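Note that the coordinates shown come from a computational prediction; the quantities given were computed from them, not determined experimentally.
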Amino acid sequence: GPFTSRYLAGGGMQCCACIRAGRGLYFDTRDPDGYIKDARFELLDGGTGIRYSGGHPLPRETAARTGYDLPYSATVRPFAGGWFEAAAIYREWAGQQRWAVESARRTASGARREIDDIALWVWNRGTAAEAAEPVAALQKDLGLPMAIDWYWWHNQPYDTAYPRYFPPREGRAPFMRAVARLREQGIFTQVYTNGMLWDMDDPGWADGGEASAIMNADGSVKNHVFNAYIPHRLAFMCGTGEPFRAKMTAVAGEVRSLGLSGLYLDVIGCACNTECHNPAHAHPAGGGRYQVQGFRGLITAIAARCPGFPLSTESCAEMFLDLLDAAIMLEPSAERLGWWDFRGHGEVVPLFRAIYADGFRLFGNYAIIDGVPPFDPLWPDSGRRATERDWQALCPDQFFVEIARNVVWGLQPTVACLRNGHLQNPKYAREVEFLKQAARFYHARREFLLRGRMAPPGELETPTLTVTCLRRMIFTREGEERLIESRLPAVLHSVWEARDGRRLLVLANISTVRQACRWSGRDRQVSATLEPRQFAAVALS
């Protein structure tokens with residue numbers, strides 16, 4: 001069926017391409033202001049043709065006009081190559097935009113130095129004993145700077161009650177002591193908040209929720225029930241919603257007072273660009289650029305309230321490159337999440353890193369060592385699973401694929417839901433060792449993988465593996481999980497160019513056996529043999 005991507009509500013950039021057998025058709029829009037827009041593809045005549053259409057919703061006040069000047073240009077052109085060559089076309093324009101230029105300036109000024117030093121992120125949830133202690137233990141073993149993205153620190157069940165977070169779940173003083181211990185150990189510590197949702201079924205909704213919300217054309221509030229166990233409706237906020245902006249700015253100030261290193265603002269980067277018809281808002285109803293500009297205003301207000309306080313969001317939204325410092329990405333765990341179903345005919349690629357060489361820092365995956373997502377103790381017990389299978393035995397390669405993708409794609413390595421039991425149980429020794437190897441390998445090559453530019457990948461000759469993967473997220477009920485098979489190269493690879501022109505071939509053997517591979521680029525060939533579950537780097541120039 002048709003595939004539609006909305007800019008900054010599913011798509012982080014304004015380019016796309018259709019590619020077959022080394023030739024493609026490239027499309028983009030070149031909008032520096034963030035207007036609401038769509039890209040739609042539809043296969044025709046049994047796959048022999050394709051229809052592309054770009055959508056630009058009009059403000060309601062102009063929708064009846066007979067003429068309208070599109071406030072940006074669009075590109076359609078054929079090209080030779082694959083996804084990397086398509087990225088290069090967009091990069092010529094995107095790299096000159098204010099968000100890219102200012103982002104590079106911020107990095108050069110040292111504003112992101114603390115984040116640049118991070119060798120490994122841990123996306124953890126729960127109490128200090130559950131979330132913080134394993135991070136501290138792993139950091140002592142690893143001996144490199146680490147970071148924790150701490151969820152479920154707040155005094156409400158996850159995915160309810162937003163934007164109420166305080167006091168911390170274990171109390172203000174104990175929480176501050178835990179944060180101080182982490183920071184004394186050199187662990188960058190940020191906490192979760194939701195930068196775009198307000199709980200309609202919470203008493204706090206009366207204090208400005210509807211006045212801030214996105215309204216659909218029929219006057220209803222745009223909302224979604226995310227929590228499968230406590231079915232509260234979470235309403236989407238408009239970027240111009242003043243009560244919400246004031247509350248989130250105040251939340252940021254209170255978070256900083258707890259002694260934290262930074263703040264995570266969920267959802268903004270992946271779902272901010274939707275038409276709003278709220279009559280209480282100053283913007284025209286319908287299409288426009290007010291959402292992006294409004295959320296840029298929110299982030300700017302938080303930065304003014306908390307200067308020098310790193311901010312991050314979900315997904316690689318280019319329009320916020322100059323304002324944010326980091327973003328979490330879940331694409332390395334595409335099979336686990338089930339957001340994409342390629343049925344063996346596609347792959348996830350690091351398009352953003354191929355376009356933006358010096359943007360905000362990307363980290364993240366949903367790589368869980370034992371395959372068991374966490375369960376918030378503040379949720380009702382009726383949601384708990386009665387049994388768990390040995391997911392490690394059923395899916396022995398999945399974790400290694402997710403961690404290897406982090407490194408090969410130039411993302412800061414990440415592990416999710418790490419517990420002391422994973423570190424202490426010999427059953428998981430291979431996973432823990434691979435995680436540490438990934439962190440050391442990445443950190444030692446940051447001049448390429450962090451600060452460098454992705455170069456043309458060339459071709460790698462390597463066997464193909466069938467990897468069994470668990471498709472399961474945090475709200476997947478017992479019996480609804482799926483085991484799927486994914487066909488992947490035994491050795492993942494990428495090529496990177498440092499600022500001084502040196503190039504590096506990066507290899508990761510995700511298999512359990514030694515693998516020989518052969519890489520071919522434009523000017524040379526390289527043969528290499530990798531031991532099982534091993535990273536390797538080959539200097540190309």
Check whether the ring centres of [X] and [Y] lie less than 6.0 Å apart, and answer yes or no.
X: Phe3; Y: Phe41; value: no
X: His56; Y: Tyr72; value: yes
X: Tyr35; Y: Tyr7; value: no
X: Phe363; Y: Trp123; value: no

Is it true that a side-chain atom of [X] and a backbone atom of [Y] form a donor plus acceptor pair closer than 3.5 Å?
X: Gln139; Y: Leu144; value: yes
X: Arg40; Y: Asp38; value: no
X: Ser315; Y: Cys270; value: no
X: Gln412; Y: Ile115; value: yes
X: Arg91; Y: Ala354; value: yes
X: Ser541; Y: Arg503; value: yes
X: Gln14; Y: Asp31; value: yes
X: Thr313; Y: Gly269; value: yes
X: Glu431; Y: Phe399; value: no
X: Arg60; Y: Gly286; value: no

To the nearest 0.5 Å, what is the distance between [atom1] ([X]) and [atom2] ([Y])?
X: Gln190; Y: Trp121; atom1: CD; atom2: CH2; value: 4.0 Å
X: Leu142; Y: Gln437; atom1: CG; atom2: CD; value: 12.0 Å
X: Glu402; Y: Ile368; atom1: CD; atom2: CD1; value: 8.5 Å
X: Ser333; Y: Ile403; atom1: OG; atom2: CD1; value: 7.5 Å
X: Leu411; Y: Phe352; atom1: CG; atom2: CZ; value: 10.0 Å
X: Leu505; Y: Ser494; atom1: CG; atom2: OG; value: 7.5 Å

Answer yes or no on whether Arg445 is positioned over the face of Phe441, meaning its NZ or CZ is under 6.0 Å from the six-membered ring centre and within 45° of the axis. yes
Geometric cation-pi criterion, Arg533 with Phe434: 6.0 Å, 45°: no
Could you walk me through whether Glu433 and Arg430 pass the salt bridge (charged side-chain N to carboxylate O under 4.0 Å, His left out) check? CA-CA 5 Å; Glu433 186 55 40; Arg430 292 174 301 170; over 6 Å; no
Name the one of Arg98, Arg106, Arg296, Arg105 that satisfies salt bridge (charged side-chain N to carboxylate O under 4.0 Å, His left out) with Asp322? Arg296
Within 6.0 angstrom of Arg514 CZ, more than 12 heavy atoms from elsewhere: no
Tell me, with the steps shown, if Glu335 and Arg472 meet salt bridge (charged side-chain N to carboxylate O under 4.0 Å, His left out). CA-CA 9 Å; Glu335 294 85 359; Arg472 175 184 177 185; over 6 Å; no
Salt bridge (charged side-chain N to carboxylate O under 4.0 Å, His left out) between Arg77 and Glu92, worked out: CA-CA 14 Å; Arg77 58 171 283 190; Glu92 293 179 7; 5.6 Å; no
ring-ring contact (aromatic ring centres under 6.0 Å, His included) between Tyr90 and Tyr26, intermediate numbers included: CA-CA 9 Å; Tyr90 188 67; Tyr26 169 88; 7.2 Å; no
Across all chains, not counting sequence neighbours, the side chain to side chain contact (heavy atoms under 4.5 Å, CB included) partners of Arg502 are Glu447, Phe448, Ala498, Asp500
Which salt bridge (charged side-chain N to carboxylate O under 4.0 Å, His left out) pairs, counting each pair once, include a residue from residues 448-469, with sequence neighbours left out? none
Criterion side chain to side chain contact (heavy atoms under 4.5 Å, CB included) against Val191, the qualifying member of Tyr151, Tyr264, Trp150: Trp150
Does the pair Asp117 and Arg112 meet the rule for a salt bridge (charged side-chain N to carboxylate O under 4.0 Å, His left out), with working shown? CA-CA 9 Å; Asp117 285 342; Arg112 294 170 171 151; over 6 Å; no
With sequence neighbours left out, what residues match Trp391 under ring pair (Phe, Tyr, Trp, His ring centres under 6.0 Å)? none
